[in-house]
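What you see is a predicted model, and the numbers here were worked out from it, not measured in a lab. Below, read A as the first sequence line, B as the second, and so on, with proteins coming before strands; counting in each chain starts at 1.
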Amino acid sequence: MPELPEVETIARDLSSVLLGQKVRKAEFLNSSIMENGGYLSANVLENKRLMAIGRRGKNLLFYFSENLAMVIHLKMTGRLILDKLGPDSDKHLHFHIQFENHRLYFYDVRKFGRIGIFEKQALKNHPRLSKLGPEPFAIDASEFARIIKNRNKAVKLILLDQQVVAGIGNIYADESLFDAGIRPDARPPRISVKRLKRLHKSVVKVLKKAISRRGSSVDDYLDGFGKSGQFQKLIKVYGRHGEDCPKCGTLLKRIVLGGRSSHYCPKCQH
DNA sequence: GACAACCTGACC
DNA sequence: GGTCAGGTTGTC
């Protein structure tokens, strides 16, 4: 479910209340959401202090004292919510941490989300993290165009590839391509460098605006306090096939690329 | 590349 | 009954 703006919002929400607090208790209620491969059990976090919370792509990173780290990926329907139980029923609660003054709950209806706890130095060997491409904000338009230009597949699929650029998902790929006026199935070798640079500008603009609106609550997403985001009100094409293009009035189309729905305006995007 | 798998729920 | 869903990974 959550993409970069949603994960960033959650990281900031949790930071604002949890930093510096000591863990009283941490436990998995459902071990199927533990990441595979040599990770530590939750009780190693007990009596450790939360030092920082970060984000890399769509991954949340928690850093504890004594060189312990926790990586959480929310996948499609994972939620991290402070204090109040719900709105999911308890059967979807799979993990929780009790801090000195707050509790953090992990819910996931579909159980795709994963939590891994390990020594900090193991981060650099993490099978997913270690392969992530750069953050979209960390590169300039020229670098972005250079990374994209010679890849001969649909530009939408390249935006979704976490090893090329980290953090973009289905909503923000479609919204960025609409903003840049590029069809999702266009292939970069046939797109001018100028337009690829423009795409970077659109990606940054869309992601920053979505962060400022605390993410998109299209379906399941809730922030760290259990509240909806607001960016779904500003979505122009994602999920709107059959509606009129907000720019030109043409009927928006839906095509499937890499098994993912892609929404665009056949007139504004080429 | 396309497709299935991992899961559950919403909607038609 | 079938289709679809913000993600990622593995297999023909």
Hey, is the side chain of [X] poking within less than 4.0 Å of OP1 or OP2 on [N], counting only N and O atoms?
{"X": "A:Lys75", "N": "C:dA5", "value": "no"}
{"X": "A:Arg187", "N": "B:dG1", "value": "yes"}
{"X": "A:Gln162", "N": "C:dT8", "value": "yes"}
{"X": "A:Lys153", "N": "B:dG1", "value": "no"}
{"X": "A:His73", "N": "C:dT8", "value": "yes"}

key: Pairwise salt bridge (charged side-chain N to carboxylate O under 4.0 Å, His left out) hits with a residue in residues 223-239 of chain A, at least two apart   =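 Checked against salt bridge (charged side-chain N to carboxylate O under 4.0 Å, His left out) - neighbours excluded - the pairs reaching residues 223-239 of chain A are A:Arg214-A:Asp223.
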What is the nucleic acid contact for [X], judged by heavy atoms within less than 4.0 Å: base, sugar-phosphate only, or nothing?
{"X": "A:Gly169", "answer": "sugar-phosphate"}
{"X": "A:Tyr238", "answer": "sugar-phosphate"}
{"X": "A:Ser261", "answer": "sugar-phosphate"}

Rounded off to whole Å, could you give me the [atom1]-to-[atom2] distance for the [X] and [N] pair?
{"X": "A:Gln232", "N": "C:dA5", "atom1": "CD", "atom2": "C1'", "result": "16 Å"}
{"X": "A:Asp185", "N": "B:dA2", "atom1": "CG", "atom2": "P", "result": "12 Å"}
{"X": "A:Leu160", "N": "C:dT9", "atom1": "CG", "atom2": "P", "result": "13 Å"}
{"X": "A:Leu60", "N": "C:dG7", "atom1": "CG", "atom2": "P", "result": "15 Å"}
{"X": "A:Asp161", "N": "B:dG1", "atom1": "CG", "atom2": "P", "result": "12 Å"}
{"X": "A:Asp108", "N": "C:dA5", "atom1": "CG", "atom2": "C1'", "result": "13 Å"}
{"X": "A:Lys156", "N": "B:dG1", "atom1": "NZ", "atom2": "C1'", "result": "16 Å"}
{"X": "A:Arg260", "N": "B:dC3", "atom1": "CZ", "atom2": "P", "result": "15 Å"}

Contacts under 3.5 angstrom, residues 237-247 of chain A side chains, donor-acceptor by atom type, not counting sequence neighbours:
| residue | atom | partner | partner atom | Å |
| --- | --- | --- | --- | --- |
| A:Arg240 | NH1 | A:Ile235 | O | 3.3 |

request  = Return the set of residues passing side-chain contact (heavy atoms from CB on, under 4.5 Å) with A:Lys208 (not counting sequence neighbours), or none when no residue passes.
outcome  = A:Phe137, A:Val204
Test of understanding: with ring pair (Phe, Tyr, Trp, His ring centres under 6.0 Å), list the residues that count as partners of [X], not counting sequence neighbours.
{"X": "A:Phe112", "answer": "none"}
{"X": "A:Phe231", "answer": "A:Tyr172"}
{"X": "A:His200", "answer": "A:Phe144"}
{"X": "A:Phe99", "answer": "none"}

inquiry  = I'd like to compare against my own output: the B/S/- annotation of nucleotides 5-12 of chain B with a strict under-4.0 Å heavy-atom distance to protein.
reply    = -BBBS---
inquiry  = When the C1' atoms of B:dC6 and C:dG1 are compared, how many Å lie between them, rounded to an integer?
reply    = 22 Å
request  = Determine the interatomic distance between P on B:dC3 and the same-named atom on C:dT3; round to the nearest Å.
outcome  = 13 Å
Consider only side-chain N and O atoms of [X] and [Y], and report whether a donor and an acceptor are under 3.5 Å apart.
{"X": "A:His73", "Y": "A:Glu35", "result": "no"}
{"X": "A:Asn43", "Y": "A:Lys25", "result": "no"}
{"X": "A:His94", "Y": "A:Asp108", "result": "no"}

ask   = Name the stems that DNA chain C belongs to, where each is three or more consecutive Watson-Crick or G-U pairs with both distances under 3.5 Å?
value = B:1-6 with C:7-12, B:8-12 with C:1-5
